[in-house]
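A short write-up of the structure that comes next.
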Amino acid sequence: MSLTTPDAQTLTFLQKVALLSGIAGLFIMLLAAFNIHFPNRALFLALSLGLIALGTIVFARQMYLKKSEGIKNDGVWFKSISSRGLIGWLTGVVITGFYIVLYFYPQYLGLATANGANTGLISLFDPLSIILNGKPASQWFVYGTLYTLAILIFGYKFMLKYRHNRYQQLRTVSVMFFQLGFAFLIPEFMARLNESPDYNLPYYDLKSIWPLNYYLFDSWSIKGFLSSGSLGLSLLIFGILSIFVISPILTYKYGKRWYCSWVCGCGALAETVGDPFRHLSSKKLSAWKIERWLIHTVLVFSVIMTTAIIYTYLGNDPNQYWLTRQTFLFSVGGFLTVLFVVVMLFKRHEFGKDAWYGAIGYFTVIAALFILYYSGTTDHVFLIKSSTLRTAYGLYIGSIFSGVIGTGFYPILGNRVWCRFGCPMAAILGFQQRLFSKFRISTNGGQCISCGNCSTYCEMGIDVRAYAQKGENIVRSSCVGCGICAAVCPRGVLKLENGSLKGRVTSNERLPGNAVDLMTLIHEK
Amino acid sequence: MEDIVIIGNGISGVTAARHIRKICNQFPNIPNKTITIISSETDYFFSRTALMYVYMGHMTFEQTQPYEKWFWEKNNIGLKKGRVTHIETDRKTLILDDGSEMPFDKLIIATGSKPNRFGWPGQDLKGVMGLYHKQDLDNLESYAPNNRVCKRAVVVGGGLIGIELAEMLNSRHIPVTFLVREDSFWNAVLPDGESAMINRHIRNHHIDLRLGSNLKEIKADENGKVRSVIIAETGEEIACDVVGLTAGVSPNIDFIRSSAIETNRGVKVNRFLETNIQDIYAIGDCAEQHEAIGNRKPVEAVWYTGRMMGETVAQTICGNRMAYDPGHWFNSAKFFDIEYQTYGWVFAKPGTHEKHFHWKHSDDTKCITVSYNSLTREFLGINTFGIRMRHEVFNRWLNEKRDVDYVMTHLSEANFDSEFFARYELEILSAFNNQLQSV
Ligand SMILES: Cc1cc2nc3c(=O)[nH]c(=O)nc-3n(C[C@H](O)[C@H](O)[C@H](O)COP(=O)(O)OP(=O)(O)OC[C@H]3O[C@@H](n4cnc5c(N)ncnc54)[C@H](O)[C@@H]3O)c2cc1C
Ligand code: SF4
Ligand code: SF4
């Protein structure tokens with residue numbers, strides 16, 4: 001059997017050493033998880049993270065720097081890890097298991113029970129946590145540290161892989177920067193501020209925008225902002241501007257890629273750690289259908305959930321907020337109606353058949369608002385407790401979908417499962433991208449040879465070839481603008497561009513080369 | 001109801017079928033048609049140009065198929081697996097290899113090419129193969145799965161398919177000796193500077209490139225499998241387990257020669273892609289024009305022309321008799337890591353009044369050659385390596401008959417590289433201006 005299969009990449013000596021180093025680093029964590037007590041935790045934590053980082057970096061350098069610059073997809077479908085082989089499945093199971101423990105059984109990671117000290121893996125991270133925010137670590141701190149480390153070291157690997165491609169390099173530097181600064185360090189410093197009685201800031205990753213950041217408008221979060229002076233207020237205002245002003249403007253100018261491939265933390269993990277799995281996303285038409293239903297359902301759910309939450313606490317403490325429940329409901333309904341009418345009036349044509357999705361979504365939300373208005377009591381909405389709704393969202397969408405499935409299933413379903421099927425932020429940005437954006441992927445006349453590299457390596461499961469071979473530009477709401485389709489195309493057919501809205505969507509059965517417009521000709525007859 | 005039968009499910013046949021169906025759907029006044037595609041190669045259309053990526057592990061074979069199964073049903077295009085052995089033009093009937101018959105009202109021959117074999121001794125041994133059909137890929141997979149089974153491979157023929165085969169084998173760490181008859185790679189098509197750059201690039205990938213070398217014979221071992229090759233010029237014997245024969249292709253039409261359809265190298269067609277027999281057409285690699293169109297060859301074995309012929313013949317079949325008019329020449333390829341595109345004509349050896357401007361980047365992976373008329377300064381064509389250019393812009397400039405000075409000063413409009421890539425237009429322009437001064 002092994003004689004007739006392609007060789008697994010033979011490892012160089014240094015790569016073996018690097019592998020050993022990475023395993024040693026992980027082994028330290030494993031020992032800690034099993035409650036082996038390390039005399040000097042700071043040292044061992046540094047050693048563990050250092051060995052993992054060193055191992056990955058050396059391994060990647062060996063892998064790419066010895067070869068010429070260019071596309072490095074040789075053997076992707078032969079390696080067990082990247083072709084849903086045994087190692088792929090095992091990796092999936094391990095990551096999934098890690099997420100389940102992290103979300104639902106943090107005590108097994110050593111999370112302190114009331115008043116006790118951390119033990120196990122979490123205690124290993126205490127020294128770093130104390131340096132950064134003055135408190136012992138939580139499971140989220142451990143997760144955040146590992147997440148950031150993974151993006152940094154695999155981001156470095158990705159940059160080596162694409163060292164001939166400036167677009168890929170720049171966007172990777174960008175996500176590394178935002179992850180390290182915005183998601184990891186700034187919230188820790190904000191936690192430091194909270195040591196003063198003047199501040200009570202909630203955990204806030206500035207780049208995580210509602211509705212991806214579904215707890216931004218939770219009662220505790222809003223209270224935190226409002227009780228943290230002008231800084232708190234500006235942060236809250238920034239959060240609201242992010243979704244209503246900043247992101248529409250940037251998406252108009254650059255497409256949703258400005259967020260999904262340059263800023264977002266979920267995207268950052270998908271593009272770096274998840275890069276070896278991008279070809280596993282399904283390109284079937286049926287997958288696209290599921291995608292559109294699922295992602296828009298999550299969006300509708302998140303809008304209703306957030307509205308219900310705000311509605312509830314506006315009612316609970318009517319004196320604390322200037323906004324009343326009625327005004328709030330009416331403004332949400334009014335905003336959505338204006339949006340809907342404007343889109344239907346001006347963009348009906350671009351929307352095409354998808355108008356149904358928009359209409360169904362819109363009417364679902366409006367119906368929900370009505371029910372809220374007529375049946376909502378102080379703590380019950382839709383006859384259930386609004387906190388139950390929020391918990392359900394947090395559990396099923398926030399934890400299981402985005403974490404357990406979204407990341408745990410990288411080696412099975414591809415690296416953007418969450419971004420493609422679940423993320424409500426992606427749904428909003430995608431909507432803007434389809435209707436009001438200068439962004440498109442241009443195709444280069446008649447040069448496509450239908451080889452299918454672009455479709456294969458599109459992590460969002462877009463059948464890029466279906467457009468390219470007809471000479472049509474790709475204007476798809478799900479495209480995150482990763483630019484990999486353009487990179488892997490062997491004939492230089494694709495280019496991500498921001499240009500004028502006119503002629504953005506081309507439908508071109510006649511490709512350059514043939515001198516006559518075939519369709520109009522027969523039409524004239 | 002009219003029965004349209006197409007032999008060959010490659011890009012030409014499939015494009016013809018798609019367009020016929022599309023036109024019929026759009027214009028209900030056109031008489032309805034049944035469409036059947038026959039092929040002996042695979043059940044479904046796949047992209048021949050992507051065969052290399054399957055062997056290299058970039059893609060699965062299924063991913064080379066541009067349309068899912070439902071597509072054929074939805075568009076009511078019948079697919080039949082089988083080999084046509086004879087065409088009876090009088091009875092308008094095809095004879096298949098299982099003895100069955102298939103009648104047609106209109107027939108499109110789109111049977112593509114087959115690899116050339118020049119009668120080398122040993123060319124039919126086990127382990128000797130071309131690279132064209134799916135079966136060749138399967139063959140390669142069994143004789144060259146890795147570098148333990150295949151300790152060395154010899155590729156014979158320095159064209160586009162030969163270099164792809166070398167790259168494929170190289171991706172599995174199989175040592176490759178590449179025999180090229182010419183004294184520089186593909187220099188019947190590429191000007192010297194470009195060809196020389198590709199020679200160096202091939203060698204940088206540790207390919208044992210032998211220029212000016214012809215195959216004399218292939219030797220067998222006791223099992224009838226290839227053991228070694230002998231080089232004609234030096235008599236050197238090179239031990240190897242696989243020999244790839246990639247010395248060009250020719251039309252795959254042997255089964256047609258026994259019919260009343262006129263053939264030469266390919267199936268002879270006029271500008272309307274009609275053969276000498278009414279209601280029988282030929283398109284793609286297997287068609288041969290009575291007279292070459294412009295600077296083109298009478299037989300054009302490239303993807304794009306197959307597609308355009310398919311589009312054109314669909315019009316004719318639907319009642320809008322149309323001449324094949326391929327417009328300006330373009331093509332592209334990739335040599336290991338270097339992408340190549342061409343628009344218009346750049347000949348390897350400039351003809352009278354044709355002048356070349358050549359620029360090469362210092363990293364030896366990017367260059368362009370611009371061809372123009374030295375009297376009128378009309379821009380004639382461009383070859384570009386390592387820099388992507390816009391098809392639409394060059395097509396327009398060629399239509400507008402722009403002069404070379406205009407093209408050189410507006411080159412940035414034609415750039416199609418990804419965002420943030422380094423740009424070379426200024427460097428190119430100053431090299432161009434310097435050259436003018438020094439003349
Ligand atoms: C490895 C490789 C790489 C290439 N790369 C490029 C490239 O980058 N760019 C480019 O422009 N061109 C490229 N080409 C050339 C290009 O693929 C061909 O020009 C194109 O596929 C021809 O299409 P076609 O439809 O005319 O014929 P084909 O694709 O050859 O299809 C003909 C089909 O008809 C079938 N058939 C033949 N005879 C019979 C019969 N008697 N009965 C039933 N079925 C029959 C054959 O089995 C075949 O399936 C490449 C070719 C190869 C082999
Ligand atoms: S279409 Fe291209 S740029 Fe968009 S997500 Fe897919 S691979 Fe990335
Ligand atoms: S766009 Fe490029 S990668 Fe995609 S099918 Fe066409 S040639 Fe292949």
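Letters A, B, ... are given to chains in the order of the sequence lines, protein chains preceding strands, and every chain is numbered from 1.
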Query - Most chain A-contacting option - heavy-atom pairs closer than 4.5 Å, from B/M52, B/M56, B/Q63 - result: B/Q63

Report task. Return the option, out of A/S83, A/G492, A/G70, with the maximum number of heavy-atom pairs under 4.5 Å with chain B. Result -> A/G492

Requested in this report: Go through the atoms of B/N331 and report whether side chain, backbone, both or neither lie under 4.5 Å from a heavy atom of chain A.
Outcome: backbone

Query - Pairwise distance CZ(A/R166) to CG(B/D417) - rounded to 0.5 angstrom - result: 11.5 Å

Query raised in the report: Which heavy atom of A/F78 sits nearest a heavy atom of B/V54, and at what distance?
Result: CZ-O, 3.8 Å

Query raised in the report: If every non-hydrogen atom of B/E68 is compared with every non-hydrogen atom of A/K284, which pair is closest and at what distance?
Result: OE2-CA, 3.3 Å

Requested in this report: Could you tell me which of B/S332, B/A144, B/A314 has the largest number of non-hydrogen atom pairs under 4.5 Å with chain A?
Outcome: B/S332

Query raised in the report: Quick one: CZ on B/F71 to CG on A/L285, what's the gap to the nearest 0.5 Å?
Result: 12.0 Å

Query raised in the report: Between the main-chain N or O of B/G57 and the side-chain N or O of A/N73, is there a donor-acceptor pair closer than 3.5 Å?
Result: no

Query raised in the report: With only heavy atoms counted, which part of B/F336 is less than 4.5 Å from chain A, the side chain, the backbone, both or neither?
Result: neither

**Report entry** Under 3.5 Å: donor-acceptor pair, side chain of B/Y53, backbone of A/G452
**Finding:** no

**Report entry** Contact summary for A/L494 and B/R388, nearest pair of heavy atoms
**Finding:** O-NH1, 3.7 Å

Report summary line: Ranking B/F421, B/W329, B/F416 by heavy-atom pairs under 4.5 Å to chain A gives rank one to B/F416

Query - Heavy-atom closest pair, residues B/T342 and A/Q447 - result: O-NE2, 4.4 Å

Query raised in the report: Is the backbone of B/M59 close enough, under 3.5 Å, to the side chain of A/T456 for a donor and an acceptor to pair up by distance?
Result: no

Query raised in the report: Would a 4.5 Å heavy-atom cut-off, applied to side chains only, mark B/H205 and A/S68 as touching?
Result: yes

Query raised in the report: Quick one: are A/Q169 and B/F420 in side-chain contact, heavy atoms under 4.5 Å?
Result: no

**Report entry** CG on B/D337 to NZ on A/K72, rounded to 0.5 Å
**Finding:** 5.0 Å

**Report entry** Flag side-chain contact, heavy atom, 4.5 Å: B/T365 against A/H164
**Finding:** no

**Report entry** Contact check, side chains of B/E419 and A/N498, non-hydrogen atoms, under 4.5 Å
**Finding:** yes

Query raised in the report: Between A/E497 and B/R390, is there a salt bridge with N-O shorter than 4.0 Å?
Result: yes

Query raised in the report: Measuring heavy-atom distances to chain B, does A/V493 have an atom under 4.5 Å in its side chain, in its backbone, in both, or in neither?
Result: backbone

Query - Rounded distance [0.5 Å steps], NE2 in B/H173 versus CG in A/D74 - result: 7.5 Å

Report summary line: d(B/I11 CD1, A/Q469 CD) to nearest 0.5 Å is 7.0 Å

**Report entry** Minimal non-hydrogen separation, A/C451 against B/A50, with atom names
**Finding:** O-CB, 3.4 Å

Requested in this report: Please check if the side chain of B/Q341 supplies one atom and the backbone of A/R491 the other of a donor-acceptor pair under 3.5 Å.
Outcome: yes

Query - Which atoms of A/L170 approach chain B - backbone, side chain, both or neither, heavy atom under 4.5 Å - result: side chain

Report summary line: Okay, A/S442 and chain B: the region with an atom under 4.5 Å from a heavy atom over there is both

